[in-house]
Amino acid sequence: MAEEVLRTENLVKRFGGFTAVAGVSITFYEGERIGLIGPNGAGKTTFINLISGHLKPDSGKIFFKGVDVTKAPPYKKVMMGMNRTFQIPSIFKSLTVYQNVQLAAKKAGQPYLVDKLLTMLGLERVADVKAANLSYGMMKIVELAMTMVSNPSLLLLDEPTAGLTSQEKKQIIQVLRTLPERCTIVMVEHDIDLVFDFAGRVVVMHRGEVLSDGKPEEIAVDTKVREVYLG
């Protein structure tokens, strides 16, 4: 059986009187490709923010590789092998592609990975281009490269294809398919067809809870999921 990478136990996050994450208990395993879906306000991004340390839970526990990281800040989780991207690319637009990845690599103590990653992700041809001059899709790929220099065992992607053209979406998915098999990928995404094509496991959230969890073909015929999306 695959090794456990991340486990949450009764994770709860409230904003005033609104409960964004309502007692989520779930486990992710090494090498899984997981699509995290649900309607707007389901709690998906809040859940990712809790896991990555950008938000603190009101209650519950988060275990990463068997270690309690509930209160650990984001940089410690990155050092342990967890990294993430954001809905809006977090890159330095005044720097070149190479400089962006190099900066992230130095911070992660992995300077030798820069050229390898640029080649792997198809960025070597734009290495000397300023990030500000890239398409939105290319910016997202640069951000992905910046997260990969830390050699993550868990990669959290928050809407990686939002705002992209069909061609850019295909490019992102092609890039994700080149990532190491051992790396567990959790992708928050609204494009259901894309999720079903990429993920081997789909988790559906609704009103802060896990509504359904299974293979894409199981989720596709789940009546509870259909009701949530179709009303």
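Nothing fancy with the numbering, it's 1 onward along the sequence.
- Looking only at side-chain heavy atoms (C-beta outward), T70 and P57 come within less than 4.5 Å of each other.
- Side-chain atoms of L123 and M138, non-hydrogen and from C-beta on, do get closer than 4.5 Å to each other.
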* To do: Dump the intermediate steps for side chain to side chain contact (heavy atoms under 4.5 Å, CB included) on N40 and H190, then the final yes or no.
  => CA-CA 9 Å; N40 289 332; H190 283 287; 3.2 Å; yes
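- N83 places a side-chain N or O within donor-acceptor distance of the main-chain N or O of T147, the cut-off being under 3.5 Å.
- The CE atom of M205 lies 10.0 Å from the CG atom of L211; values are rounded to the nearest 0.5 Å.
- In the displayed structure, R207 atom CZ is contacted under 6.0 Å by at most 12 heavy atoms of other residues, nucleotides or ligands.
- Note: S135 OG to Q171 CD = 7.0 Å, rounded to the nearest 0.5 Å.
- Among T161, D191, D193, the one residue that satisfies the side-chain hydrogen bond (donor to acceptor under 3.5 Å, both in side chains) test with K169 is D191.
- Taking V221 as the reference, nothing meets the side-chain contact (heavy atoms from CB on, under 4.5 Å) condition, with sequence neighbours excluded.
- Residue D213 holds its CG atom at 6.5 Å from CD1 of I219, rounded to the nearest 0.5 Å.
- Between F47 and K13 there is no side-chain heavy-atom pair separated by less than 4.5 Å.
- By the neighbour-count criterion of 12 heavy atoms within 6.0 Å, atom OH of Y98 is densely surrounded, having more than that number from other residues, nucleotides or ligands.
- Within a 6.0 Å sphere centred on CD of E181, heavy atoms belonging to other residues, nucleotides or ligands number 12 at most.
- A salt bridge is defined here as a Lys NZ or Arg NE, NH1 or NH2 lying under 4.0 Å from an Asp or Glu carboxylate O, and D197 with K170 fails to meet this definition.
- The environment of K130 atom NZ is sparse: at most 12 non-hydrogen atoms of other residues, nucleotides or ligands sit within 6.0 angstrom.
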* **Test side chain to side chain contact (heavy atoms under 4.5 Å, CB included) applied to M82 and L6, step by step** => CA-CA 10 Å; M82 182 192 304; L6 182 117; 3.9 Å; yes
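- Atom NZ of K56 has more than 12 heavy atoms from other residues, nucleotides or ligands within 6.0 Å.
- Atom CD of E143 sits about 7.5 Å away from atom CD1 of I91, to the nearest 0.5 Å.
- The CD1 atom of I172 lies 10.0 Å from the CD atom of E189; values are rounded to the nearest 0.5 Å.
- Atoms CE and CG, on M187 and L194 in that order, are 5.0 Å from each other to the nearest 0.5 Å.
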